[in-house]
Amino acid sequence: MSQSSTDSEMPLIAHLTELRNRLLHIVVAVLLIFGGLFYFSQDIYALASAPLRAILPEHASMIATGVISPFLTPFKLTLVLSLFLAMPYVLYQIWSFIAPGLYQHEKRIAIPLLISSVLLFYGGMAFAYFVVFPLVFGFIAGITPEGVTQATDISQYLDFILTMFFAFGVAFEVPVATVLLIWIGIVEVDTLRKSRPYVVVGCFVIGMFLTPPDVISQTLLAVPMWLLFEAGLFFGGMITPREPQEPELAEDKTPDYPRESR
């Protein structure tokens, strides 16, 4: 193999090794958190199911239709919770991998966006648990036909709340997505401001799909999304869109990977 071929392959091998190490760190962190929470898996599921159990009729309860559902469902919930709790560390590992390829002025913008994305994701999950779930389950309990006993399977309930957690967590990333679109230069602030009526309609359409078919719960999702969009516009107007960097002008880019000595 020629010397030039070896030089061209080494950076790729170094990047793949770095990626492998970052992924291993993420897996170990999630497993460590899971190991600490597994003993409390039944309590964690009880806490997650509290919004539904609070509206169940007297003497009604949740059921388990699968043979191993009483064990597997809390196990799955605890594993997903471990991933959610490890998210700051996961994003840190991702950031450590991509940071060497960013310019210094790009890092100054990317770090606040990274922190904001974590906080907004957790905020969306909290909003779903404390605001949306009581409305959803209260609505379902109110439309249950007379003579029908509501008994929800624990595994189906888990799938439902995980979907809702993820949906609301992603929905609350609207300001981060807005700032990114402006910063990258895909769209301008003035264009987004002119598109505000369409954004408002889109928020209500999303709320219609993610919440029960009643005006109150749809509004409770659409209005925060619209306000978050306005926040993204506000902060997006304070940044300068990124311009393409020529290789010879990239003086502020400092590679963090060591170069092979010749």
Side-chain angles (χ1 to χ4, degrees), residues 1-38 72 75-122 124-125 159 162-163 165-167 169-187 232 236 239-262:
M1 182 179 295
S2 64
Q3 180 68 28
S4 60
S5 176
T6 303
D7 292 342
S8 63
E9 290 180 2
M10 284 304 296
L12 176 60
I13 296 176
H15 288 317
L16 292 177
T17 302
E18 180 74 8
L19 178 60
R20 182 200 62 187
N21 292 336
R22 298 295 178 185
L23 292 176
L24 287 175
H25 290 163
I26 291 173
V27 172
V28 170
V30 173
L31 291 179
L32 286 176
I33 296 175
F34 175 77
L37 295 178
F38 178 72
L72 187 60
F75 178 92
K76 179 180 177 182
L77 175 60
T78 305
L79 182 60
V80 175
L81 177 63
S82 302
L83 178 60
F84 283 164
L85 293 178
M87 194 58 64
Y89 184 75
V90 172
L91 293 177
Y92 167 76
Q93 292 296 328
I94 296 174
W95 166 255
S96 299
F97 179 74
I98 66 176
L102 297 177
Y103 297 91
Q104 292 298 327
H105 68 279
E106 293 175 341
K107 294 179 181 179
R108 287 193 292 267
I109 297 178
I111 291 177
L113 289 178
L114 187 67
I115 298 174
S116 299
S117 64
V118 175
L119 296 178
L120 287 170
F121 188 82
Y122 286 156
M125 293 176 59
D159 293 339
L162 290 182
T163 301
F165 278 143
F166 181 78
V170 172
F172 270 56
E173 300 292 335
V174 169
V176 174
T178 304
V179 171
L180 280 176
L181 290 175
I182 297 172
W183 177 44
I184 296 174
I186 296 179
V187 66
I239 65 174
T240 303
R242 185 180 65 173
E243 296 180 357
Q245 300 286 335
E246 297 295 335
E248 61 272 13
L249 299 179
E251 298 179 355
D252 61 340
K253 183 175 180 180
T254 305
D256 293 343
Y257 295 120
R259 296 181 179 274
E260 181 184 14
S261 60
R262 296 183 179 277

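One is the number of the first residue; the rest follow in order along the sequence.
- Residues F166 and F121 come closest through the heavy atom pair O-CE1, 4.4 Å.
- Here the straight-line distance linking atom CZ of F84 with atom CG of L77 works out to 9.5 Å at 0.5 Å rounding.
- Separating the CG atom in L83 from the OG1 atom in T78 is a distance of 12.5 Å, to the nearest 0.5 Å.
- Note that the CD1 atom of I26 and the CG atom of L91 stand 8.5 Å from one another [nearest 0.5 Å].
- Between D159 and T163, the closest heavy-atom pair is O-OG1, 2.8 Å.
- Under the salt bridge (Lys or Arg N to Asp or Glu O under 4.0 Å) criterion, no residue pair touches residues 110-121, with sequence neighbours excluded.
- The shortest non-hydrogen separation linking T178 to G232 is CG2-C, 3.8 Å.
- When all heavy atoms of S82 and F34 are compared, the closest pair comes out as OG-CA, 3.1 Å.
- Within the model, atoms CZ of F97 and CG of N21 stand 10.5 Å from one another, a figure rounded to the nearest 0.5 Å.
- In this structure, the separation between OG on S117 and OH on Y122 is 10.0 Å, given to the nearest 0.5 Å.
- Within the structure, salt bridge (Lys or Arg N to Asp or Glu O under 4.0 Å) pairs that include any residue of residues 21-37 comprise E18-R22 (at least two apart or interchain).
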